[in-house]
Protein chains: 2
Amino acid sequence: MAATRERLLRAAELCFAERGYEGSSLRDITRVAKANLAAVNYHFSSKQDMWVEVMQRRIGPLLLERHRMLAEVRAAAPRGGPLPLEKVCEALLLPVARVYYAGGDSPAVISRMIGRLFSEPNFLRQEIDRRGLSQSGREFRAALREALPEFSEKEFKWKFYFCICALLGALARQGRQPGLQGSMDTSDIEELVRHLVPFLCGGLREPMPAKRAPRPTRGKKSSK
Amino acid sequence: MAATRERLLRAAELCFAERGYEGSSLRDITRVAKANLAAVNYHFSSKQDMWVEVMQRRIGPLLLERHRMLAEVRAAAPRGGPLPLEKVCEALLLPVARVYYAGGDSPAVISRMIGRLFSEPNFLRQEIDRRGLSQSGREFRAALREALPEFSEKEFKWKFYFCICALLGALARQGRQPGLQGSMDTSDIEELVRHLVPFLCGGLREPMPAKRAPRPTRGKKSSK
DNA sequence: GTCTATAAAGGGATAGAC
DNA sequence: GTCTATCCCTTTATAGAC
C-alpha cells in the first residue's frame with residue numbers, strides 16, 4: 001500500500017512532536033504506524049530523509065499561506081506608512097491554526113512538532129531552511145520591522161527574538177506542560193492564536209525604559 | 001580525583017544544553033570531560049541520576065534567589081495593592097543572570113540547559129519538580145497574578161503561559177539561532193534580561209481586544 | 001578512584017524471499 | 001510493497017584488575 005507511507009508520516013510526526021528526533025527510534029515509529037521496520041528505508045531511504053519529508057509537508061503549505069496573508073496586509077496598508085502590527089502578527093500565526101484541518105490531522109501535534117524543530121540540532125534544520133523556511137523568516141522580520149519603525153535596530157532585534165521565542169514556545173509546549181495549563185485548552189490553536197496576538201503586540205510595542213542610575217556591578221546590592 | 005566528578009558535571013551540562021538528554025551519549029560526555037566512560041556510573045550510578053544532579057545543582061540556587069527577590073518585592077509593595085509587575089518579572093529573570101558567575105561557569109550554557117529542560121520528556125522533570133521547581137512556579141504564578149488583578153482567570157492563564165514560553169525560549173535559544181540573532185549578543189544574559197523584562201511586561205499588560213469586533217480604539221476595517 | 005574489557009540491549013540500515 | 005532475518009554499530013551499564 002502507498003497508504004503505508006502516509007501512516008509512517010503521521011506516526012513519525014507524532015513521535016517527533018513528543019520526543020524529538022533523537023528520542024524517536026524507527027522501531028517506535030513503525031510500531032505506532034503498524035508498519036514494518038524496513039518500510040522506512042523503502043519509502044524514505046533513511047531516518048533523516050524521512051524527518052525532512054515529515055517537516056516539509058507541513059511547513060511548505062504553512063509558508064505559502066503566510067506569504068499570501070502578508071501580501072494581503074501589505075496591499076491593504078497605506079503606502080509608505082507603517083504596517084499594522086496586529087495584522088502582521090496574525091499573518092504570522094493564523095496559518096498555523098488554519099492550514100492543518102484536513103481530515104485526520106491534529107493541529108496540536110503538528111504545531112508542537114514545528115515548535116520542536118527549533119530545539120533540534122542545527123543539521124536537522126539545514127534542508128528545511130534551504131527549502132524556504134529561512135526566506136520566510138526574513139520576510140516576516142522585514143514586515144515586523146515596518147510595523148515597528150520607532151525602535152532602533154538593536155532594540156528591534158531583541159524584540160524580534162523574543163517574539164519568535166514566545167511563538168515557538170507556545171506552539172511547542174501546548175498540551176504538555178503540567179502545572180502550567182490548568183483548565184485551559186492549549187490544543188485549541190485558534191484560541192491560542194487569539195490570545196497570543198495581543199501578547200506579542202503588547203511586548204513588541206512596549207518601549208524600553210529609560211536607563212536608570214547605573215546598576216550595581218554584579219549582584220550584591222539590594223537597594224531597590 | 002574528586003575533580004573528575006566536577007568535570008563530568010560541567011561536560012554533561014554542556015552536552016545537555018547543546019543536544020538534549022537523548023542526544024548526548026555518555027561517550028560524548030566523558031570525551032568532553034576527559035574522563036573514563038565508567039566514571040559516570042561510579043560517580044552517579046546512571047545517566048538519569050547524573051541528569052538530575054546536573055540540573056539540580058544549577059536550579060537549586062536559582063530558586064532560592066528567586067524566592068529571596070520575590071520576598072523583597074512583596075516587602076516593598078503597599079499592603080493590599082497589586083504587586084509591581086516589572087519588579088516581579090525581574091525577580092523571575094535576574095537570578096538567571098546573577099547566580100552563575102562563579103569561577104568558570106558559563107551563564108549562557110547553564111541558562112540554555114535550563115531552558116531545554118522543558119523540552120525534555122516529562123519523566124526527566126519529575127524529580128526536579130519534586131525538589132522545588134513546581135513549587136517555585138506556583139509561587140511566581142501567584143505573584144504575577146497579584147500584579148495583574150485586572151484580568152479574568154482565563155485570560156491570565158494564557159498570559160502566564162506565554163510569559164513562561166517566551167522566557168524559556170529566550171534562555172534555551174540564546175546563542176544558537178542562526179539568522180535570528182544577527183549582531184546581538186544573546187549570551188550576555190544581563191543584557192537579555194534587561195530587554196526581556198519590558199517585553200514580558202508589555203505582553204502581560206496588553207488587554208484582550210473585544211471579541212470578534214473591530215477594535216474599539218481604532219475604527220478599522222476587519223477582514224476575517 | 002580509575003582503568004580495560006565486555007556484557008546486554010537497542011539503534012539504523014540492508015539483503016533477499018515473497 | 002512488504003516481510004523476515006540479520007549485519008554492524010552505538011548505547012548504557014557492570015565486572016574486576018590495578
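Within every chain, numbering begins at 1; the chains are lettered A, B, ... in the order of the sequence lines, protein sequences first and strands thereafter.
Phe44(A) is linked by a ring pair (Phe, Tyr, Trp, His ring centres under 6.0 Å) to nothing, counting only residues two or more places apart in sequence or in another chain. Partners of His43(B) by ring pair (Phe, Tyr, Trp, His ring centres under 6.0 Å), not counting sequence neighbours: none found. Remark: Val109(A) engages Glu13(A), Leu14(A), Ala17(A), Ser106(A), Arg112(A) in a side chain to side chain contact (heavy atoms under 4.5 Å, CB included) (not counting sequence neighbours). Phe140(B) meets the ring pair (Phe, Tyr, Trp, His ring centres under 6.0 Å) test with no other residue; sequence neighbours excluded.
Note: CG (Leu8(A)) to P (dG1(D)) measures 12 Å, nearest angstrom. Going from atom CZ of Arg7(A) over to atom C1' of dT2(D) covers 11 Å, rounded to whole Å. The separation between Asp28(A) atom CG and dG10(C) atom C1' is 10 Å, rounded to whole Å. Put simply, NZ on Lys34(A) is 13 Å from P on dC3(D), counting in whole angstrom units. To the nearest angstrom, C1' of dG1(C) lies 16 Å from CD of Glu6(B).
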Dump the pairs, protein N or O against N or O of nucleotides 13-18 of chain D, anything under 3.5 Å, distances to one decimal.
| from | atom 1 | to | atom 2 | distance (Å) |
| --- | --- | --- | --- | --- |
| dA13(D) | OP2 | Lys47(B) | N | 2.9 |
| dT14(D) | OP2 | Asn41(B) | ND2 | 3.3 |

Exercise answer: donor-acceptor pairs, residues 35-42 of chain B side-chain atoms, under 3.5 Å, sequence neighbours excluded:
| from | atom 1 | to | atom 2 | distance (Å) |
| --- | --- | --- | --- | --- |
| Asn36(B) | OD1 | Ala38(B) | N | 2.8 |
| Asn41(B) | ND2 | Ser45(B) | O | 3.2 |

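Within the structure, every side-chain polar atom (N or O) of Ser25(B) is placed at least 4.0 Å from both OP1 and OP2 of dT10(D). A sub-4.0 Å separation between OP1 or OP2 of dG1(C) and a side-chain N or O of Asn36(B) is absent.
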What's the verdict on side-chain hydrogen bond (donor to acceptor under 3.5 Å, both in side chains) for His67(B) and Glu139(B), showing C-alpha distance, side-chain angles and the deciding distance?
CA-CA 8 Å; His67(B) 183 75; Glu139(B) 184 184 11; 2.6 Å; yes
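Looking at heavy-atom distances under 4.0 Å, Thr30(A) makes no contact with the nucleic acid at all.
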